[in-house]
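As the structure is a prediction and not an experimental result, all values here were calculated from the model. Throughout, a chain's letter reflects where its sequence line sits, starting with A, and its residues are numbered from 1.
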Amino acid sequence: MAENYILECSGISKAFGGTQALKDVQLHVRPGEVHALLGENGAGKSTLMKIVIGLYQQDSGTMVFDGKPYQAKGPVDAIKSGISMIHQELNPEPHLTIAESIFLKREDTNGIFLNKRKQNERTQKILDDFGFPYPATTLIRELKLADVQMVEIIRAVSTNAKMIIMDEPTSSLDEQETQHLFRVIRDLKSKGVAIIYISHRMAEIYEICDTVSVFRDGHFIGTSALKDVSNDDLITMMVGRKVENQFPKVDCPIGDVVFKAEHLSGKGFEDISFEVHAGEILGFSGLVGSGRSETMRAIFGMDPLDSGKMYLNGQEFVRKHASDSIRQGVCMVNEDRKNFGLCLFRSIRENTSLPSLPERQKGLFINQSREKREVEDVSKTLLLKAASIEHNAYSLSGGNQQKVVIAKWILAAPKLLILDEPTRGVDVGAKAEIYSLMSKFAAEGMAIIMVSSELPEIMGMSDRVLVYHEGHISGEYFRKDILSGEVTQEVILSSAFGVA
Amino acid sequence: MASSPKTKRAASNQDRIRSLLGQYGIGIVLIIMMIVIAIMEPRFMTPGNIINVATQISINGLLCYGLCLCITTGGIDLTVGAQLALTSCIIGQTMTNMQWPAFLSILAGVGVATLFGFIDGLLIAKFNMFPFVVTLSMQLVIRGLSQVITGGRAVMLTNDWFTGIYSNKLMGIPMPIIIFVVVTIIMYLMLHWTKFGRYIFAVGGNVNAAIASGVSRFWVIVGVYTISGVLAGLASMIYTSKTGSAQSNIGVGYETDAIAAAVLGGTSFAGGIATIPGCVLGIFIIGLIYNGMNMIGVSSYYQSIVKGLIIIGAVMLDMVMNRNKH
Amino acid sequence: MASSPKTKRAASNQDRIRSLLGQYGIGIVLIIMMIVIAIMEPRFMTPGNIINVATQISINGLLCYGLCLCITTGGIDLTVGAQLALTSCIIGQTMTNMQWPAFLSILAGVGVATLFGFIDGLLIAKFNMFPFVVTLSMQLVIRGLSQVITGGRAVMLTNDWFTGIYSNKLMGIPMPIIIFVVVTIIMYLMLHWTKFGRYIFAVGGNVNAAIASGVSRFWVIVGVYTISGVLAGLASMIYTSKTGSAQSNIGVGYETDAIAAAVLGGTSFAGGIATIPGCVLGIFIIGLIYNGMNMIGVSSYYQSIVKGLIIIGAVMLDMVMNRNKH
Amino acid sequence: AEDTTEVPAEGVTYEADVNGDGKIVVGYISKNFTDPFHAPINARAQEYFDQAVKDGVIDEWTGLLDGETDANKQIDRAADCISKQCDIVIFLPAEAEASDPALVQMADAGILVIEVNSKSASCDEKAIAYVGSDDVEAGNMLAQWVVDNCPDGGKFIHCNGILGNSAQIQRTEGMHEIMDQHPEFEMVGDFDTKWDGNLAADAASDSMSKYGDELVAIICDNDGMSSAAQKMCNDNGREDIICIGVDGVEVPLQMVQDGSMKATILQDGVGQINGAISIVESLVKGEAFDPAPVIPFVLVTQDNVADYIQ
Ligand SMILES: Nc1ncnc2c1ncn2[C@@H]1O[C@H](COP(=O)(O)OP(=O)(O)OP(=O)(O)O)[C@@H](O)[C@H]1O
Ligand SMILES: Nc1ncnc2c1ncn2[C@@H]1O[C@H](COP(=O)(O)OP(=O)(O)OP(=O)(O)O)[C@@H](O)[C@H]1O
Ligand SMILES: [Mg+2]
Ligand SMILES: [Mg+2]
């Protein structure tokens with residue numbers, strides 16, 4: 001072996017029931033490098049990482065870590081060997097404090113009893129070093145999603161591991177926090193720590209990673225140095241075909257005002273006024289926690305509104321619950337797919353038709369044959385990768401789950417569709433599909449609001465961009481100015497920071 | 001994609017068979033039980049005894065459906081035993097002591113059970129209290145009320161029409177079986193063919209997603225506990241007619257058998273998973289445990305152990321046959 | 001970042017006061033109850049009666065801690081009532097009928113309860129069965145075993161040392177109080193000051209995250225059910241010493257009071273939230289409901305209703321005082 | 001409270017105000033509030049003592065304390081009675097052995113305890129009086145009725161109360177005492193029916209479908225079960241099956257009256273509590289009383305049912 005690797009996986013296979021998640025894959029990671037792991041949703045990235053960390057056992061294949069044969073029977077073994085992991089979409093125990101969460105399984109004790117003071121002090125020091133503005137005794141449940149993600153990162157980093165796996169660490173972070181994470185990564189790298197970095201955000205990959213390995217459908221496609229491959233090549237490797245246009249935005253005529261908000265105020269946002277037209281994609285940009293989701297949740301009827309008026313097609317829009325909004329044609333894809341999107345253990349069919357059941361009644365009963373037909377149609381339109389619509393949503397990969405969430409709102413035929421982070425955790429191929437759908441529906445006269453923390457997406461897809469800063473609208477930009485290059489990422493970012 | 005549509009379809013069919021096997025695999029347990037009992041006691045398989053079993057299961061059957069719905073929304077209804085007592089006492093008091101017509105008495109009894117089911121649902125849905133806690137406490141209140149109503153005394157029911165509810169036959173089929181079949185069909189249609197049924201699964205599967213999809217958690221929760229109340233009321237009507245006596249100490253622990261039947265039938269305590277055909281199988285298994293032990297002549301001291309072991313064993317078998325559910 | 005560390009810290013302090021108030025707000029209910037009872041019946045506040053109450057609560061107290069742990073991991077232990085019976089029968093059989101020394105008998109009885117707690121935990125952790133189902137069925141098995149062991153008969157316990165466990169005093173304090181206090185301290189230290197306690201909260205809060213951190217769900221689950229078994233065994237020792245008799249029909253429904261105490265004490269059925277001081281308050285409230293109602297002379301016909309309403313009311317009050325917990 | 005030997009056989013006397021606080025406080029620990037057999041007993045006690053307090057016969061009473069058919073709870077209630085400084089307590093033990101510490105505790109505190117309905121283990125030493133009957137005898141009567149009415153013998157089944165309960169144990173024992181001497185009878189089923197009429201009815205229908213005409217009798221530990229079982233038999237056209245149980249609560253009595261059941265064994269609960277009440281009255285007046293009045297079980301058939309109904 002000429003190369004000096006910290007982790008070598010070879011011939012790893014893993015099946016879940018009938019699904020072959022990994023087939024004879026390999027992965028070689030050097031110390032001190034940031035190794036990107038790319039692949040479509042369901043390619044098997046998380047599965048391989050869970051095998052490395054000991055949450056799953058492979059069916060066949062071997063691993064070598066730090067020069068020694070390695071096999072983790074559980075996360076404890078992995079942590080002992082010097083591997084830690086930031087898990088994808090895994091919220092830590094809500095009722096523990098930050099200190100308790102970071103030091104879970106590594107508690108400070110005097111003999112058998114916990115030394116809470118020492119642990120809090122140690123944690124506080126780590127938090128302060130990180131510039132994380134909370135006391136160590138804050139409960140996790142009191143933190144915002146992004147802060148929780150930071151705690152996860154801090155926990156992983158604080159183990160002094162030789163290798164850290166980061167499975168989509170930035171999916172709930174904004175630009176600023178992402179940059180913060182990158183500083184941390186560079187620091188770790190300089191100390192010789194190896195990092196496996198999984199993300200669907202191509203820009204990040206190019207910014208921080210050295211090497212890239214690509215998986216497709218559970219197979220290993222290849223490894224190469226990042227500087228040797230172009231973005232398009234990578235995408236082709238991942239999806240097995242060329243993705244012609246990453247942002248297939250079709251410009252279409254903008255129609256009448258569909259929805260108008262006047263002076264909306266509520267928890268996390270104040271005095272928000274805007275209108276959105278038929279055929280328009282209105283982008284909302286801003287930092288995480290700037291109050292975009294709160295605004296959308298309030299419009300949709302998931303949260304209360306303190307004051308303000310809304311109009312739909314010229315008539316006042318009054319809603320108490322989400323059901324009122326849906327009935328009137330206002331629908332929303334929530335940013336939190338797992339908690340607000342799907343009933344994982346029910347079938348794709350049931351999930352998809354849920355909001356639009358009232359229209360699929362035949363007398364007292366549901367017209368199940370019509371339901372089946374319509375769900376099959378919409379899942380074909382969305383290129384949903386599922387063996388059958390009778391399968392549980394649980395069996396789908398993340399991107400395909402997201403498609404089911406979108407499908408259910410398409411079936412509800414909304415006048416206004418609010419998409420909150422519509423492509424979070426979705427691979428490039430599926431992203432392009434979702435974007436082209438958005439274009440298609442806009443062209444059919446739907447008004448679309450898209451909240452996103454990914455600037456390329458905002459800039460690539462929006463007819464108009466509104467930027468949030470601490471609960472207020474701090475800027476408005478138009479597509480023509482973005483296309484002409486007059487409005488750049490920096491311009492939008494600075495208005496998100498409230499500088500402009 | 002690596003796999004061709006063909007292999008996918010084959011896999012899917014296989015999956016379906018496995019899932020069907022998983023869903024109703026408990027049916028195998030039922031068949032095995034029937035064979036074992038029939039071998040040990042040939043008289044088990046006589047038409048008379050089969051009708052006998054079907055008649056006996058009706059009370060637990062109705063309770064089981066109510067519990068199945070509550071469990072499916074992620075809750076539990078521990079009041080059913082007490083509801084049995086309360087309805088019985090109301091029927092007894094109004095019919096025997098106040099001379100109300102039987103029909104009106106039944107209406108009053110079932111009505112009160114419905115009301116208490118509604119109150120349970122209200123406390124759970126409106127105040128966000130845990131179903132276990134609410135129904136555990138309400139059960140005390142409901143049983144207390146039945147004691148107050150009757151002063152602890154037993155009331156005899158002499159109305160022939162009423163006592164006939166249990167013993168009369170329609171075309172050779174005892175009334176309880178007819179009631180049970182009708183309720184089963186209604187429950188099946190409701191859970192698997194209506195909007196409300198879908199909403200029950202959605203609320204049980206992921207309440208936040210259900211709300212975000214426009215489902216009213218409030219009405220679904222209130223709905224299932226109210227239905228559980230109605231069914232407990234009907235079960236009590238059958239019970240009271242069967243024993244010909246109304247008293248406040250009946251039904252203690254009846255939720256146990258109903259829960260066991262629901263769970264054997266594949267109802268998941270994680271919420272969002274249940275089928276009425278599954279429940280029917282579960283109800284028959286529980287009924288057969290009792291009837292089978294009585295027919296075979298298992299000593300009274302061992303009956304409780306046998307029952308416990310059969311339930312654990314069946315649930316475990318179901319788990320093994322149907323691994324991917326969890 | 002937008003807000004300075006200072007402002008965040010201040011908000012957190014306020015939160016803490018609110019959370020403390022929320023956590024032990026149930027104490028207010030306790031104090032109100034004590035005042036009301038004391039006004040209505042002056043003899044309530046005599047040292048004799050206070051010691052009386054404290055002695056009475058010891059059995060429910062021990063059971064409550066076991067349930068608290070199980071509920072905190074997201075489970076439930078419905079076997080405790082049956083465990084009470086089984087341990088009692090084993091102690092009775094070995095001590096009276098087989099002439100074992102008292103100490104050995106107790107060891108055997110508590111040992112078997114521990115074993116069954118372990119089996120419960122094993123079934124739940126290893127086979128991923130729902131705690132409700134496992135313990136509901138095991139309860140039947142355990143009670144059945146006690147019936148088999150004793151042949152359904154009551155066994156007298158005449159060993160003075162043994163019957164003294166309930167009635168003897170140490171420096172004027174009855175033994176049950178001493179046992180209860182010692183167990184309370186151990187449980188407090190275990191839950192709030194050891195790694196194991198931390199892991200209980202972690203598993204109850206989010207089991208997947210706990211596993212990913214290397215916490216062994218298996219041992220935590222097996223651990224809490226085993227502890228619940230030990231505590232039920234100890235409670236049974238006190239019970240058996242108190243009644244001086246071992247029999248198989250005791251303890252039916254005892255889980256109800258234990259669960260009620262745990263829930264009043266702020267133990268959340270959602271898992272991951274519990275405190276031992278909270279449980280102590282809950283245990284006292286349940287004890288006072290019994291003692292207080294009898295001291296005041298609430299008609300027994302209404303006691304069950306009053307008890308149910310107090311539990312619902314207290315939980316609701318707690319909910320209102322502590323909104324952000326849910 | 002143990003100097004009973006000093007007084008003449010026909011009566012004993014005590015100082016009623018045992019704690020000397022100038023007040024006479026009476027306690028009442030019931031067996032339970034749920035069993036229809038106990039309802040009239042509890043109701044009679046409530047009625048009498050409420051009136052007695054009003055009339056100034058006694059100063060105070062505890063109200064009906066609920067024993068919940070649970071020895072542990074009864075011991076707690078006994079401690080509560082001590083806390084309330086009772087002088088006299090009427091006590092209906094739930095269990096012969098397990099409830100005994102309640103008696104011992106109160107007697108040791110000087111309280112005059114009158115046991116009613118069933119005896120706890122040290123009743124003879126510690127209680128000042130016992131008013132009640134003997135469950136073994138009730139079991140004998142159950143069996144005797146079946147023996148007398150089925151001269152040819154045959155198969156019968158037995159429905160138990162909650163296993164381990166004193167009444168269940170003693171009635172079952174009494175039943176076996178007689179039945180074991182009659183080889184012409186065969187017990188073909190012994191069911192765990194938990195005092196539950198519904199389960200007894202199911203046991204009846206199961207046994208009918210198994211044994212058909214061979215089944216001649218169903219012996220139940222109480223008549224809540226026997227009346228439900230008899231109804232099940234009658235509904236199946238098997239009025240010939242003899243179902244019998246102990247207690248004499250409303251429903252079985254009415255069934256005896258209207259002929260749908262042949263007999264039941266009545267335990268005169270109200271008679272028992274009245275006996276205890278008259279002892280309390282004697283105590284207050286300082287009169288002598290009989291420490292063990294006999295309230296026998298009565299076989300109730302259509303001939304004498306009119307005397308007991310209502
Ligand atoms: N526990 C499981 N049970 C059954 N199938 C599973 C399980 N975990 C993963 N799979 C399946 O294995 C395949 C690989 O999943 P994996 O989560 O590794 O994908 P991924 O590459 O991480 O995708 P994403 O980018 O969406 O996170 C998918 O088809 C998924 O459905
Ligand atoms: N009650 C709450 N407790 C804890 N966190 C909350 C609460 N409500 C909202 N949050 C979190 O606060 C964060 C910031 O709020 P909001 O979602 O409005 O900002 P945003 O600009 O839309 O950010 P994002 O890019 O994450 O959507 C969100 O990540 C949300 O999950
Ligand atoms: Mg993944
Ligand atoms: Mg958001």
Side-chain angles (χ1 to χ4, degrees), chain A residues 16-20 23 216-219 240 297 300-302 321-327 331-334 336-347 350-351 353-358 360-368 371 385-388 390-395 405 408-409 412, chain B residues 1-20 22-23 72-74 186 188-220 268 270-274 322-326:
Chain A
F16 293 104
T19 324
Q20 189 73 38
K23 186 92 184 89
R216 190 199 313 150
D217 275 339
H219 293 266
R297 285 171 59 93
F300 185 52
M302 296 281 289
H321 303 290
S323 50
D324 304 330
S325 306
I326 295 167
R327 210 177 326 108
C331 295
M332 170 164 165
V333 172
N334 199 287
D336 187 344
R337 176 173 68 228
K338 214 152 128 209
N339 284 320
F340 289 90
L342 293 170
C343 300
L344 287 177
F345 291 94
R346 300 305 303 180
S347 67
E350 287 184 26
N351 270 296
S353 63
L354 187 61
S356 45
L357 279 180
R360 273 148 201 75
Q361 293 270 102
K362 199 164 75 180
L364 272 177
F365 302 110
I366 297 166
N367 185 342
Q368 300 218 25
E371 179 197 11
K385 282 179 207 156
S388 140
E390 298 305 327
H391 277 201
N392 285 350
Y394 179 75
S395 65
V405 177
K408 76 184 198 182
W409 295 117
Chain B
M1 291 248 124
S3 43
S4 73
K6 236 190 201 136
T7 59
K8 273 250 161 102
R9 202 152 301 169
S12 155
N13 267 343
Q14 220 180 39
D15 270 14
R16 188 154 315 164
I17 290 170
R18 193 201 289 136
S19 123
L20 211 73
Q23 220 160 34
T72 304
T73 62
I186 295 175
Y188 175 77
L189 291 175
M190 195 206 72
L191 192 61
H192 298 292
W193 287 87
T194 71
K195 231 168 33 171
F196 184 65
R198 280 295 170 76
Y199 292 167
I200 292 175
F201 288 129
V203 166
N206 181 347
V207 62
N208 289 325
I211 294 172
S213 301
V215 176
S216 163
R217 170 179 177 270
F218 180 84
W219 285 114
V220 169
S268 163
I273 303 177
N322 194 19
R323 273 183 182 279
N324 51 341
K325 227 187 228 167
H326 290 268

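- Expressed to the nearest 0.5 Å, how far CG of A:Leu344 lies from CG of A:Asn392 amounts to 8.5 Å.
- Of the listed residues (A:Asp324, A:Leu354, A:Ile326), the greatest number of heavy-atom pairs within a distance under 4.5 Å of chain B belongs to A:Leu354.
- Heavy atoms closer than 4.5 Å to chain B are found in the side chain of A:Phe300, but not in its backbone.
- For a residue to count as touching a neighbouring chain, one of its non-hydrogen atoms must lie under 4.5 Å from one of that chain's; by this rule A:Leu364 touches chain B with the backbone only.
- Expressed to the nearest 0.5 Å, how far CZ of B:Phe196 lies from CH2 of B:Trp219 amounts to 10.5 Å.
- Within the 3.5 Å criterion, the main-chain N or O of B:Tyr188 finds no donor-acceptor partner in the side chain of B:Trp193.
- Using a 4.5 Å cut-off between heavy atoms, B:Ser216 makes no contact with chain A at all.
- With A:Asn351 contributing its side chain and A:Cys343 its backbone, the two residues share a donor-acceptor pair below 3.5 Å.
- Within the 4.5 angstrom heavy-atom criterion, only side-chain atoms of A:Ser353, from C-beta onward, approach chain B.
- Contact between A:Ser388 and A:Glu390 at its shortest, heavy atoms only, is OG-N, 2.8 Å.
- Of the residues B:Ile273, B:Val220, B:Leu191, the one that meets the side chain to side chain contact (heavy atoms under 4.5 Å, CB included) test with B:Phe201 is B:Leu191.
- Using a 4.5 Å cut-off between heavy atoms, A:Lys408 touches chain B through its side chain atoms alone.
- Remark: the backbone N or O of A:His219 is not paired with any side-chain donor or acceptor of A:Asp217 at under 3.5 angstrom.
- No other option in B:Gly272, B:Ser213, B:Gly197, B:Gly205 has as many heavy-atom pairs under 4.5 Å with chain A as B:Ser213.
- Heavy-atom distances place the backbone of A:Leu342, and not its side chain, under 4.5 Å from chain B.
- Contact count against chain B (heavy-atom pairs under 4.5 Å) is highest for A:Ala322 among A:Ala322, A:Ser325, A:Gly240, A:Gly301.
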